[in-house]
*Asks:* 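Got a structure here, written out as structure tokens. Questions coming.
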Amino acid sequence: MTKADLVSKVAGKAGMTKASAESALNAFIDSVEEILSANGKLTLTGFGTFEVQQRQERTGRNPRTGQEIKIPASKVVKFRPGKLLKDAVN
């Protein structure tokens, strides 16, 4: 499913135009980015939790050459699904 497909589905379920649905979806995505950047955690009860975690520097291997390389530390976003989402997909 693409973003355009999701916009169409949201527009159909909410009874709004595709332009309004796309605007709402973009506002949601921007808000999630801002919250995770500022607070590091967003919980949507029943849906799941987005959380920023620190990944340590580690040693990896270049798959082409086999040479060891240092992979720098970075932040990653992890998602843990909530009970309602888990139940919906099972």
Side-chain angles (χ1 to χ4, degrees):
M1 176 176 269
T2 64
K3 184 177 178 182
D5 296 334
L6 181 59
V7 166
S8 294
K9 194 160 187 95
V10 169
K13 283 196 169 208
M16 55 186 3
T17 64
K18 286 184 181 179
S20 296
E22 184 173 11
S23 179
L25 182 60
N26 287 336
F28 173 76
I29 292 169
D30 290 344
S31 298
V32 169
E33 288 175 356
E34 287 175 15
I35 291 167
L36 290 176
S37 294
N39 302 334
K41 187 174 183 180
L42 171 64
T43 300
L44 301 172
T45 303
F47 184 73
T49 300
F50 297 91
E51 189 169 13
V52 176
Q53 293 184 350
Q54 182 70 35
R55 182 176 282 170
Q56 299 295 320
E57 178 182 282
R58 63 191 191 280
T59 303
R61 191 169 295 275
N62 183 330
R64 271 193 207 159
T65 63
Q67 182 181 12
E68 283 192 359
I69 55 173
K70 287 265 187 206
I71 300 172
S74 63
K75 291 181 179 179
V76 294
V77 177
K78 302 262 180 157
F79 177 74
R80 190 179 54 209
K83 182 174 181 351
L84 295 177
L85 182 58
K86 284 181 188 176
D87 291 345
V89 297
N90 286 319

*Asks:* Roughly how far, to the nearest 0.5 Å, is NZ of Lys9 from CG of Leu25?
*Replies:*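 If I round to the nearest 0.5 Å, the distance is 14.0 Å.
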
*Asks:* Where do Ala21 and Met16 come nearest, in terms of heavy atoms and distance?
*Replies:*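 Here Ala21 and Met16 meet closest at CA-SD, 3.7 Å.
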
*Asks:* Do you know which two heavy atoms are closest between Leu44 and Phe50, and how far apart they sit?
*Replies:*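 Closest heavy-atom pair between Leu44 and Phe50: CD1-CE1, 4.3 Å.
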
*Asks:* Can you measure from NZ (Lys41) to CG (Leu36) and round to the nearest 0.5 angstrom?
*Replies:* 11.5 Å

*Asks:* Run the salt-bridge test on Glu68 and Arg61 with the 4.0 Å N-O cut-off and return the result as yes or no.
*Replies:* yes

*Asks:* Please lay out, stage by stage, how Phe28 and Val10 fare under the test side chain to side chain contact (heavy atoms under 4.5 Å, CB included).
*Replies:* CA-CA 12 Å; Phe28 173 76; Val10 169; over 6 Å; no

*Asks:* Would one find more than 12 heavy atoms of other residues, nucleotides or ligands at under 6.0 Å from atom NZ of Lys3?
*Replies:* yes

*Asks:* Say whether Ser20 and Ser23, considering side chains only, have a donor N or O and an acceptor N or O under 3.5 Å apart.
*Replies:* no

*Asks:* Pair Val32, Leu42 - check side chain to side chain contact (heavy atoms under 4.5 Å, CB included), show working.
*Replies:* CA-CA 7 Å; Val32 169; Leu42 171 64; 3.7 Å; yes

*Asks:* Going through the checks in order, is the side chain to side chain contact (heavy atoms under 4.5 Å, CB included) test met by Leu6 and Met1?
*Replies:* CA-CA 7 Å; Leu6 181 59; Met1 176 176 269; 4.3 Å; yes

*Asks:* Is there a path from Ile71 to Val77 through hydrophobic residues (I, L, V, M, F, W, Y) whose side chains come within less than 4.5 Å of each other?
*Replies:*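 As far as the 4.5 Å side-chain criterion goes, Val77 and Ile71 are not connected within one cluster.
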
*Asks:* Please indicate whether Gln67 has more than 12 foreign heavy atoms, meaning atoms of other residues, nucleotides or ligands, lying under 6.0 Å from its CD.
*Replies:* no

*Asks:* Thinking salt bridges, do Lys83 and Asp87 make one under a 4.0 Å N-O criterion?
*Replies:* yes

*Asks:* Just by modelled atom types, is the Thr2 backbone N or O under 3.5 Å from a matching donor or acceptor in the Asp5 side chain?
*Replies:* yes

*Asks:* Taking the side chain as everything from C-beta on, heavy atoms only, tell me whether Phe79 gets closer than 4.5 Å to Leu85.
*Replies:*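 Side-chain contact under 4.5 Å: yes.
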
*Asks:* Hey, could you give me the OG/CD distance between Ser74 and Gln54, rounded to the nearest 0.5 Å?
*Replies:*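 Nearest 0.5 Å value for the OG-CD distance: 7.0 Å.
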
*Asks:* I need the Arg58 CZ to Lys70 NZ distance, nearest 0.5 Å.
*Replies:* 12.0 Å

*Asks:* In Å, rounded to the nearest 0.5 Å, how long is the span from OG of Ser8 to NZ of Lys13?
*Replies:*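 Taking OG in Ser8 and NZ in Lys13, the distance rounds to 13.5 Å.
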
*Asks:* Report the residues that fulfil salt bridge (charged side-chain N to carboxylate O under 4.0 Å, His left out) with Arg55, sequence neighbours left out, ordered by chain and then residue number.
*Replies:*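 Testing Arg55 for salt bridge (charged side-chain N to carboxylate O under 4.0 Å, His left out), a comparison that skips the adjacent residues, returns none.
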
